[in-house]
Amino acid sequence: MTESRVNQGLFPASDEVLSSLGFRPLEQRYYLCGGEILPWSGAQQSVYSAIYRTQPQPERIRLGSVPQLSATEALQVLDAALKSWDLGRGDWATMRTRDRIAAVQHFLKLFSLQKEKIVTLLMLEIGKNRSESESEFERTEQYIADTIEALKEIDRDAGKIELHQGIYAQIRRGPLGVVLCMAPYNYPLNESFATLLPAIIMGNSVVFKPAKHGVLLLEPLLKAFQEAFPPGVINFLYGEGKEVVKALMESGKVDVLAFIGSSKTAAEIKKIHPRPHRLRSVLGLDAKNPAIVMPDADMDIVLNECLNGTLAFNGQRCTALKILFVHRSVVDAFLARFVRLVEQLKAGMPWEDGVTITPLPEPDKPTFLASLIEDAQTKGARVLNEGGGSRHLSLVCPTVLYPVSPSMRIYHEEQFGPIVPIVPFDDVEEPIQYITESNYGQQVSVFSRDPDLIASLIDPMVNQLCRVNINTKCQRGPDVYPFNGRKDSAEGTLSVSDALRVFSIRTMVATRDTPLNREIFNRILEDRKSNFLSDQFYL
Ligand code: G3H
């Protein structure tokens, strides 16, 4: 193998890099609970960067710390949420939609002020490059604004009184109770808001546990949350999941679990709830999205979409293309150009211009990826690109593996990192069978120019997966589209409007059509006596 493209020289020598980015280590000795930013003098959990400094010896840069809360504080945080919910009688839960929207609009203004700090922390904590960090922030702003508009639409539709078979009714969506939101490290901002924001705006009270990597970046928002929302509507939980999440779930008082991470962890958390039938779950889990490249595909499109689809943010996207099936008749032509493109990707620090390959935040990830590569090599795959298979500290060089076959771990296991396994095929039934037998059921990308062929592939795949992308990489966005999965890939559907539905339930007020009941309804509506039974809506 030629000299590694990931090397010590790419890392900063010292912590001084932090001040050049306008960042000072942040010791967060407080947490937001019940509307108060409570001081904390107990144990702290250190937060380390994805990035190493090399002098005097290589070490991950320490960025600060957050409280290491225990089961006692977890229950205190839960109590704050329960008090706010107040068995469905809390101010926030019963508030008119327009007032909740006003609070979120206020929050959005405060949120936007924190862009610079949050983008810097995204780069430092999880190693996401500057442009992807900025786009994560902007996407989140857009998500909040779109959620407000989607709720206004739901509110407009709910503003009417229906009459069927002599029964008047008004049907609205009401909150579910206390929601535990847990975020993943790869989108620690966007995917936090993808669940906590719809949960809040629908009137629930939230306990929010930030991701382990990507936790300090929420600190600049604590005051904004405190200012915009009534006490207890949003509460922060830090600490070891095994202790604090266990305490919450054991209580049986969590009504909704919103979790984005592995199916194994989700199953463990759900099992702890003493009355599982009471727990609703909204889960974004594992995936191993394949691409299928047919012989007639436009190779320029294939290369562009597959490069981006496999290696954006070092392949750490649940929607990343994690295995490429390329028809044997075009595989050599594909490999020659794909490998060159991979070799041109620039490795470096996330704040540097034009950088794609950046340090990984999970300390064990480089070793895990190396074990997948080694396993494939011992079973006959070759590393095709220069530097492939090499790593230095937290930088892992993208690795193109070919030919990959079912006996290898990388064929089945989700890598969530910069390995691109490529499988040659002769008959399209081979990738279809792969999808059918897979434990995952999120998305696929199909590359071809032939409408007949594409149509013949769509039908067998739409009932195995939830999105078939034509000549386009797999992705979650635009966020207004449904994002979900089958099998081990998801439970429930997220999107701007679907999320408002999953964090709420339809509740109605009904009455038989009699003069007395009509008079009661009219009085309540005309005098605006109820926030729920109301013909008012928010334009
Ligand atoms: O990690 C999973 C993300 O939801 C994927 O979002 O497809 O927009 O990168 P994305």
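Atoms within a ligand are numbered from 1 in the order they appear, just like the ligands themselves. Note that these values count all heavy atoms, side chains included, but never hydrogens, waters or copies made by symmetry.
Atom 6 (O) of ligand 1 has its closest protein heavy atom at Arg476 CB, 3.3 Å. Of the protein's heavy atoms, Glu191 OE2, 3.2 Å lies nearest to atom 3 (C) of ligand 1. Nearest protein heavy-atom neighbour of atom 8 (O) of ligand 1: Arg139 NH1, 2.8 Å. What sits closest to atom 5 (C) of ligand 1 on the protein, heavy atoms only, is Thr319 OG1, 3.2 Å.
Note: Phe334 and Phe338 have parallel aromatic rings, judged against thresholds of 30 and 60 degrees for the angle between ring planes. Using cut-offs of 30° and 60° for the angle between ring planes, the Phe225 and Phe193 rings count as parallel. Trp92 and Phe229 have perpendicular rings, their planes meeting at more than 60° on a 0 to 90° scale where under 30° would count as parallel.
Counting non-hydrogen atoms of other residues, nucleotides and ligands closer than 6.0 Å to CD of Gln105 gives a total above 12.
Contact annotation: for Asn190 versus ligand 1, there are no heavy atoms closer than 4.0 Å.
Heavy-atom proximity to atom 1 (O) of ligand 1, evaluated over Cys474, Ala320, Cys318, is greatest for Cys318.
Side chains of Ile234 and Phe208 form a contact here, defined as non-hydrogen atoms less than 4.5 Å apart.
Residue Gln475 approaches ligand 1 through these ligand atoms, each under 4.0 Å from one of its heavy atoms: 7 (O).
Considering backbone and side-chain N/O atoms, Tyr187 comes within less than 3.5 Å of an N/O atom of ligand 1. Where the criterion is an N or O separation shorter than 3.5 Å, residue side chain and backbone included, Gln316 fails it with respect to ligand 1.
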Q | Stepwise side-chain contact (heavy atoms from CB on, under 4.5 Å) test for Val179 and Val207 | A | CA-CA 6 Å; Val179 180; Val207 173; over 6 Å; no
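At a threshold of 4.0 Å, the pair Glu268-Lys271 does not count as salt-bridged, since none of the basic side-chain nitrogens sits closer than that to a carboxylate oxygen.
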